[in-house]
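Nothing here was measured: the structure is a model prediction, and the numbers come from that model.
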Amino acid sequence: MVSLLKKLEWNYIVVIYDMDNYGKEGYESLKTRVKNENICIKSSFGIPIDENGAVTSSSLRTFLDDTAQLSVTGAVVFSTAVHIKIILNAASLRLAETSDQISFLFSEGIDLTRSSVRDNNDNVYEPAKGAYVTAPPRSYVNEFESYWENMFKN
């Protein structure tokens with residue numbers, strides 16, 4: 001990820017991460033790795049997740065508004081696909097109100113190809129296009145899966 005940040009010339013970034021092991025460890029690891037790479041993490045936002053696994057979108061929206069005012073080159077995100085869709089939805093709502101666009105780099109491939117996602121509270125979030133990911137999303141092919149499962153069976 002650091003080499004991609006350097007290639008993109010993202011040297012002034014913010015980090016958005018889930019307040020779980022994956023998000024916290026990703027953020028801490030990135031913080032350690034960028035120290036000697038002339039990349040400044042201007043601010044970070046730990047996404048609070050309530051007991052239902054839902055993201056509090058109002059605090060996220062406030063962070064995105066503050067991020068746009070920092071003139072950062074982008075936001076690195078350590079989160080799950082459902083939460084990322086909420087982040088992108090909040091960013092697209094911001095874009096409808098202001099011309100300040102935020103670029104995102106996601107920690108792994110996510111499925112942004114579906115038409116929409118519905119969360120636990122019955123909210124529908126539309127996917128966004130033009131995001132960077134460090135790995136392509138996985139595609140499962142049933143024939144390959146059954147082939148590998150049956151390969152060593154007699």
**Message:** Going by side chain to side chain contact (heavy atoms under 4.5 Å, CB included), name the residues that satisfy it together with Asp65, two or more places apart in sequence or in a different chain.
**Reply:** Arg61, Arg94

**Set of side chain to side chain contact (heavy atoms under 4.5 Å, CB included) partners for Ser43, sequence neighbours left out** = Val14, Phe63, Leu70

**Item:** Residues Ser107, Tyr22; criterion side-chain hydrogen bond (donor to acceptor under 3.5 Å, both in side chains); working and verdict
**Value:** CA-CA 10 Å; Ser107 59; Tyr22 173 74; 2.5 Å; yes

**Ser44: side-chain hydrogen bond (donor to acceptor under 3.5 Å, both in side chains) partners, not counting sequence neighbours** = Tyr27

**Request:** Please identify each residue that fulfils side-chain hydrogen bond (donor to acceptor under 3.5 Å, both in side chains) with Lys6, with sequence neighbours left out.
**Result:** Glu37

**Request:** State, to 0.1 Å, how close Ile84 and Ser79 come at their nearest heavy-atom pair, and which atoms those are.
**Result:** CD1-O, 3.6 Å

**Request:** Please name the pair of heavy atoms, one in Ala91 and one in Leu64, separated by the smallest distance, quoted to 0.1 Å.
**Result:** N-CD1, 3.8 Å

**Asked** Under the salt bridge (charged side-chain N to carboxylate O under 4.0 Å, His left out) rule, what pairs show up with a residue in residues 66-82, not counting sequence neighbours?
**Response** none

**Message:** Among residues at least two apart in sequence or on other chains, which ones pass salt bridge (Lys or Arg N to Asp or Glu O under 4.0 Å) with Lys31?
**Reply:** Glu28

Should [X] and [Y] count as side-chain neighbours, where that means a heavy-atom distance under 4.5 Å?
{"X": "Ile87", "Y": "Ile16", "result": "yes"}
{"X": "Ile13", "Y": "Leu105", "result": "no"}
{"X": "Trp10", "Y": "Ile39", "result": "no"}

**Complete:** dist Glu25:CD -> Asp18:CG (nearest 0.5 Å) comes out at 13.0 Å

